[in-house]
Amino acid sequence: MRKALATLLLFLAPYTSFSATVARYNGMRIFWDSRTPVTIFDGGGYGRLIELQDGRLLACCESGGIKISFSSNKGQSWTTPKLIAPNSNNTPNCVPDLIQLSDGTIIVGYNPRPSTPYTEDRHFGIRLRRSTNNGKTWSDEIFVYDADYTFENGCWEPSFLELPNGELQLYFADESPYTTTGEQQISLCRSFDGGLTWTEPQRISYRSGFRDGMPVPVLLSDRKNIVVAIEDNGWSDIKDFLPTTVRTPLSNNWKNGTYVNGTSSQRDCSINYNYCPMAKGGAPYLRTLPSGETVLSHQSTYGDGDNMKMYVYVGNKQAKDFKAMSRPFYQGTTKGSWWNSLAVIDTGIVVAVGGLDGKVCMTKGYPMSKFQVPFATPKIDGRLTTEDTYYHTNARQVPMGTETGTFTYTDFAYDLDSLYLICRVFRPHARSQQPYPDGITFYLESKGRSTDQPTSTAYRFDILPDATLSICKGNGTDWKEATAEGVRSASSIVASNYLIELAIPWTAIGLSAAPIGQLLTCNLEITTGDGSAQIVERIPDALSTKPATWIPLNLIKPDPTGVSSVQTNTILKGAYNLAGQQVPTGYKGIIIKDGGKRLKH
């Protein structure tokens, strides 16, 4: 009987266990600082951007021809646009792309598109201009390719790639081989003299009966594989374009007429739909990060009627498993973001370039796989001062807000006593009243457990704009109201924003000391309420009840020369500290809490 009972309990164990250890989320997520997008061009479309070897940024767009502009401060401001490829003969020059070669030559390619009425002397084609003096002057127009002279049989969207051996490749979408159907292929021309002369085009991607389009190539960080992002409308049961990649080993380099057909294993719809919804759409753009990971964008009206938005994903080093879907621009419900692109600049900052309301604008995104936490002791008073020394200047390590327009900046610090969080939320007339208030929710897994539900080592802290604090703890399946001794919050509210600070003693979350060198993970949500409903802004792919998807906190080891002078924080009790001293007054609009008890002073 005892043996039978033991066997039964062993059989039931997986079902009575509240949570399971699962694979931990890996990969970067991009946090967009899009509160104030920068306008590059006041009019135009198809904006593209690169970082030059001298550190400047160069952007181009179509706007009465092809225009360029420079930035000497990483995109904060831009020079007056310069027209380098004017329209002529009723043939607008469109859809530019640009590259700087290893020898310093800058090339801007573009797509002449004749206007109606069509005439046989004006063809859809690919052209370019070169600059060998850092963009000061530009060459005459250089011919690459001509398609037919009618829209139905044209060519489109040039994009460049330079290989390690100096070969320059130009990819484009081409309808001209299919004059009796609506099909389209991706073609490639090559140059071996820095763009002065070009080979005849060859087909590198074609799905019979469909339209491969808008190619953007990259060389992966392994320097062994070429991957081209395209739009592909041939996936079964989709009936729309999907971002897709086609690829070839560099050792093959599309030799001997090889191309990727519709059934090839070298064609991949690479978005991970376990994390990302079915975001159909076209106009993909692909770039690589310094880490080797890849970033992919496309445009889609997914879930928003006819309102076109730009979506960005992070993929692995093979340009596969794209997830962490995010939107670079907050667009409300009326603005569209059309014909977008990506650039990677500086030390790995991602720049999104979008066509917003007839302008070409940019915003910056910061790829992170962990949040940095410096050793410091900020004062928890609902104010940000230079003495607080959170990780980022002005405590802006983690920007959010592109989903709701409630832009936020969050940052962290720690000492021997506590973990500290600060969050500034740009929300006029912040609401703390129930029901449906504003606020932030901070999650913490004190042991870094990779589980599919919150266990007893997981905590949730809900803080309203007036610093009202409530605490929950995981019970194996969900969250249960709890207390945590010494946890305190403070806030200040002004007309345009509110600021929250939070201090969590290590002992309050079951730790005897700061877990330096140990895994600690977190999650963050920003809630916007209006009394009748709430909208929640979330970290990409981070689920509130699945710690396996949360982000690590990297406690930066303190400088040994400064540890001895660090003093343990005083934990406030009521309106007095542990020394029996009254808390200083005079902080108008600041509220300090202890474990959820309201304490105004």
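On a predicted model such as this, the values are computed, not experimentally measured, just so you know. Note that the numbering runs from 1 along the sequence shown for the chain.
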Novice: Which heavy atom in S77 sits nearest to a heavy atom in S71, and how many Å separate them?
Specialist: O-OG, 2.8 Å
Novice: Could you tell me whether a side-chain N or O of N554 sits under 3.5 Å from a main-chain N or O of I556, the two making a donor and an acceptor?
Specialist: no
Novice: For E481, does the CD atom sit with more than 12 other heavy atoms under 6.0 Å from it, leaving out its own atoms?
Specialist: no
Novice: Does V344 form a side-chain contact (heavy atoms from CB on, under 4.5 Å) with T288? I'd like the steps, not just the answer.
Specialist: CA-CA 7 Å; V344 179; T288 58; over 6 Å; no
Novice: Would you say the side-chain atoms of E537 and T406 include a donor-acceptor pair closer than 3.5 Å?
Specialist: no
Novice: Does this structure show an ion pair linking K480 with D478, if we count only N-O contacts that are shorter than 4.0 Å?
Specialist: no
Novice: Going by atom types alone, do N497 and R424 pair a side-chain donor with an acceptor below 3.5 Å?
Specialist: yes
Novice: Quick one about T245 and S270 (side-chain donor to acceptor, distance below 3.5 Å, no hydrogens or angles considered), yes or no?
Specialist: yes
Novice: Kindly say whether Q372 contributes a backbone atom to a donor-acceptor pair with the side chain of Q397 at under 3.5 angstrom?
Specialist: yes
Novice: Just by distance, no angles: are the side chains of E445 and T457 close enough, under 3.5 Å, to form a donor-acceptor pair?
Specialist: yes
Novice: Pair D381, R383 - check salt bridge (Lys or Arg N to Asp or Glu O under 4.0 Å), show working.
Specialist: CA-CA 5 Å; D381 57 4; R383 291 179 173 178; 5.6 Å; no
Novice: Distance check, rounded to the nearest 0.5 Å: M28 atom CE versus I551 atom CD1?
Specialist: 11.0 Å
Novice: Enter the distance from Q331:CD to M310:CE here, rounded to the nearest 0.5 Å.
Specialist: 10.0 Å
Novice: May I ask you to test the Y330-P37 pair for a side-chain heavy-atom distance under 4.5 Å?
Specialist: no
Novice: Whether the D33 and Y409 side chains hold a donor-acceptor pair (N or O, under 3.5 Å, no angle test) is what I'd like checked.
Specialist: yes
Novice: What about the rings of F375 and Y414, do their centers lie closer together than 6.0 Å?
Specialist: yes
Novice: Does any non-hydrogen side-chain atom of E501 lie less than 4.5 Å from one of I422?
Specialist: yes
Novice: Hey, which of Y459, W550, F461 is the one that makes ring-ring contact (aromatic ring centres under 6.0 Å, His included) with Y443?
Specialist: W550
Novice: Roughly how far apart are L543 CG and T549 OG1, rounded to 0.5 Å?
Specialist: 4.0 Å
Novice: Take V425 and D438, measure what side-chain contact (heavy atoms from CB on, under 4.5 Å) needs, and give me the verdict at the end.
Specialist: CA-CA 10 Å; V425 183; D438 300 298; over 6 Å; no
Novice: Report yes if the side chains of T507 and E485 come closer than 4.5 Å at any heavy-atom pair, otherwise no.
Specialist: no
Novice: From L161 CG over to I226 CD1, what is the distance, rounded to the nearest 0.5 angstrom?
Specialist: 6.0 Å
Novice: Just checking Y366: does its OH atom have more than 12 heavy atoms from other residues, nucleotides or ligands closer to it than 6.0 angstrom?
Specialist: yes
Novice: Give the C-alpha distance, both sets of side-chain angles, the deciding distance and a yes or no for side-chain contact (heavy atoms from CB on, under 4.5 Å) between Y311 and R327.
Specialist: CA-CA 5 Å; Y311 291 90; R327 290 201 290 121; 3.6 Å; yes
Novice: Could you tell me whether the side chain of L250 reaches within less than 4.5 Å of the side chain of P164, counting heavy atoms only?
Specialist: yes
Novice: Can you tell me if CZ on F70 sees more than 12 non-hydrogen neighbours from other groups inside 6.0 Å?
Specialist: yes
Novice: Count the heavy atoms of every other residue, nucleotide or ligand shown that sit under 6.0 Å from NZ of K74, and state whether that count exceeds 12.
Specialist: yes
Novice: Is it the case that the side chains of T441 and D462 hold a donor-acceptor pair, with the cut-off being a distance below 3.5 Å and no angle test?
Specialist: yes
Novice: Between D541 and Y25, is any side-chain donor less than 3.5 angstrom from a side-chain acceptor?
Specialist: yes
Novice: Just verifying a value: how many Å separate T377 OG1 and L416 CG, rounded to the nearest 0.5 Å?
Specialist: 8.0 Å
Novice: Would T79 and S69 count as having a side-chain donor-acceptor pair, cut-off 3.5 Å?
Specialist: yes
